[in-house]
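Written below as structure tokens is the structure these notes are about.
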Amino acid sequence: MSHLTAQSGPVDVSRVLVDHHGTWVPTTLDAAVTGHDGSDPAPVWVSLGNPEQLESVAQRFGVPLGAVQRADQRGRVGQAPRPHLERLPGGGLFLSSPTLSYVEQTQDVQTGTLTMVVAGEVILTVEHGDAGTEAAAVERLGATDLAPEAGARQVLAVLLLSLVSATSEVEIALGEAVADTERATFSPEGASPVQRIYRLKREIAEARRALVPFSAELPELVADDEDAHGSGRAQPWLHRLEKAADRLDRRLEGHDRLLGDMLSAYLSQVSVRQNEDVRKISAWAAIAVVPTLVASVYGMNFQHMPELSWSLGYPGVILAMVGSCVVLFNVFKRSGWL
């Protein structure tokens with residue numbers, strides 16, 4: 001399916017697709033608005049490049065968005081992307097969710113935002129970041145077995161599925177980075193991994209901040225779907241999506257715990273090595289004390305000292321000091337201190 005980059009006046013439009021008998025085909029914004037004015041409007045998906053134009057484009061389709069959009073923008077000033085789900089007048093949905101992408105070269109998790117407005121057979125989206133959720137959704141729309149629902153809610157479904165799929169790829173990449181860090185941590189000639197471990201823990205925390213609140217919003221979306229169908233049961237893909245988000249959060253939590261255990265094990269190894277060094281230093285210091293003590297006694301220049309008049313006194317003392325050092329060395333060697 002081809003992508004369309006269109007401009008309708010000052011509006012920054014990245015993609016306009018219309019559902020034509022089950023196939024989403026590109027069109028222009030003006031044509032989509034004109035077709036929507038009919039008695040039986042076709043489902044329309046408009047992807048915008050500028051979030052500030054979301055309200056004006058929504059008005060062209062008759063979607064009452066202003067208060068919700070302005071409140072959401074005020075809540076985001078100086079804050080990280082956070083999820084937000086709200087019902088619009090007339091039964092529509094306003095859904096804003098963080099997106100995740102992973103930079104393998106730097107092992108960084110990049111956070112973006114995907115904003116979705118669903119009202120009747122119109123869905124408006126704005127994506128910021130490098131996750132490529134919209135592009136992945138376009139590919140899913142071409143595969144009927146991967147696109148549940150129909151019409152505008154079909155686009156909503158594939159967008160949410162693509163979002164969780166991208167998060168899953170980030171989780172896999174973080175898992176591989178944790179495995180590499182584990183090998184480096186216990187490598188005999190490896191450098192200190194403390195900074196690397198803390199950096200990975202920070203990236204995992206960023207991924208969980210984007211995922212955990214999103215999974216918290218899913219039950220409300222499931223409840224809305226149950227109310228919409230009136231059967232007390234939501235669509236199966238929503239339940240699968242909720243379980244997938246919970247499963248990803250548990251895996252990220254497992255990676256974080258493994259890094260914590262890894263750091264504790266490394267610090268324990270450092271402590272053990274330091275204790276070994278202290279024992280070696282203490283053993284050599286004890287060995288050095290004996291000849292130092294004997295030499296200090298004979299350096300006092302008293303007249304009545306043992307073996308002062310003995311011709312073999314000097315070599316005898318030297319041999320006694322050496323013998324004492326050898327005995328102490330063997331004792332410390334057997335005890336494992338040397």
Side-chain angles (χ1 to χ4, degrees), residues 14 47 51 76 79-85 95-116 125-141 143 146-148 155-185 193-219 221 237-263:
S14 301
S47 173
R76 291 181 183 279
Q79 297 181 2
R82 60 179 178 83
H84 179 66
L85 176 63
L95 177 61
S96 181
S97 174
T99 62
L100 295 178
S101 59
Y102 184 76
V103 182
E104 186 175 358
Q105 291 77 8
T106 59
Q107 293 185 342
D108 289 334
V109 174
Q110 302 292 336
T111 306
T113 307
L114 177 63
T115 302
M116 295 163 279
T125 62
V126 181
E127 182 178 11
H128 273 181
D130 301 325
T133 306
E134 292 182 338
V138 172
E139 296 181 1
R140 283 177 176 264
L141 284 176
L146 297 178
V155 179
L156 175 65
V158 296
L159 283 170
L160 293 177
L161 290 171
S162 299
L163 191 150
V164 174
S165 177
T167 305
S168 177
E169 294 178 0
V170 172
E171 182 272 326
I172 293 173
L174 286 173
E176 294 176 353
V178 170
D180 293 339
T181 302
E182 183 179 15
R183 287 190 290 268
T185 299
V194 174
Q195 183 176 1
R196 183 175 178 180
I197 290 176
Y198 272 110
R199 182 175 181 179
L200 266 179
K201 286 178 71 69
R202 184 178 65 247
E203 299 304 320
I204 291 176
E206 182 176 355
R208 294 194 69 191
R209 281 195 301 268
L211 182 63
V212 174
F214 171 70
S215 63
E217 296 289 344
L218 280 179
L221 185 60
W237 69 269
L238 270 174
H239 287 297
R240 291 199 303 269
L241 195 67
E242 186 178 9
K243 292 179 180 179
D246 292 339
R247 183 168 59 251
L248 287 173
D249 180 60
R250 289 195 299 269
R251 289 179 179 176
L252 288 172
E253 183 182 6
H255 296 329
D256 187 68
R257 285 200 304 267
L258 179 58
L259 286 172
D261 295 341
M262 198 183 307
L263 180 61

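Remember, predicted model here, so these are calculated numbers, not experimental data. FYI, side chains are in, hydrogens and waters are out, and symmetry mates aren't considered; it's all heavy atoms of this structure. We're numbering straight along the sequence, starting at 1.
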Using the rule side-chain contact (heavy atoms from CB on, under 4.5 Å), only one of Val103, Leu100, Ile204, Leu200 pairs with Val109; which is it?
Leu100
Just one of Glu139, Arg140, Glu134 clears the side-chain contact (heavy atoms from CB on, under 4.5 Å) bar with Val158, so which one?
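Only one option passes, and that is Arg140.
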Under 4.5 Å between any side-chain heavy atoms of [X] and [Y], yes or no?
X: Thr99; Y: Thr113; answer: no
X: Glu182; Y: Thr185; answer: no
X: Leu160; Y: Leu156; answer: yes

Donor-acceptor list for residues 165-173 side chains, cut-off 3.5 Å, not counting sequence neighbours:
unit_1, atom_1, unit_2, atom_2, d
Thr167, OG1, Leu163, O, 2.9
Glu171, OE2, His255, NE2, 2.8

Nearest 0.5 Å please: distance from the CG atom of Leu114 over to the CG atom of Leu159.
5.5 Å
What distance separates Ile197 CD1 from Asp256 CG, expressed to the nearest 0.5 Å?
11.5 Å
Given side-chain contact (heavy atoms from CB on, under 4.5 Å), test Asp180 with Arg196 step by step and report yes or no.
CA-CA 10 Å; Asp180 293 339; Arg196 183 175 178 180; 3.5 Å; yes
Could you go step by step and tell me if Arg202 and Glu206 meet the salt bridge (Lys or Arg N to Asp or Glu O under 4.0 Å) rule?
CA-CA 6 Å; Arg202 184 178 65 247; Glu206 182 176 355; over 6 Å; no
Look at the side chain of Glu127 and the backbone N and O of Thr133, then say whether any donor-acceptor pair between them is shorter than 3.5 Å.
yes
Ala136 to Ser162 - nearest heavy-atom pair and separation
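Nearest pair, atom of Ala136 first, then Ser162: C-OG, 3.7 Å.
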Please find the pair of heavy atoms, one from Glu203 and one from Gln107, that lie closest to each other, and give the distance.
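In this case the closest contact between Glu203 and Gln107 is CG-O, 3.4 Å.
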So salt bridge (Lys or Arg N to Asp or Glu O under 4.0 Å) across residues 95-111, not counting sequence neighbours, yields Asp108-Arg199
Does Val178 form a side-chain contact (heavy atoms from CB on, under 4.5 Å) with Met262? I'd like the steps, not just the answer.
CA-CA 10 Å; Val178 170; Met262 198 183 307; 4.2 Å; yes
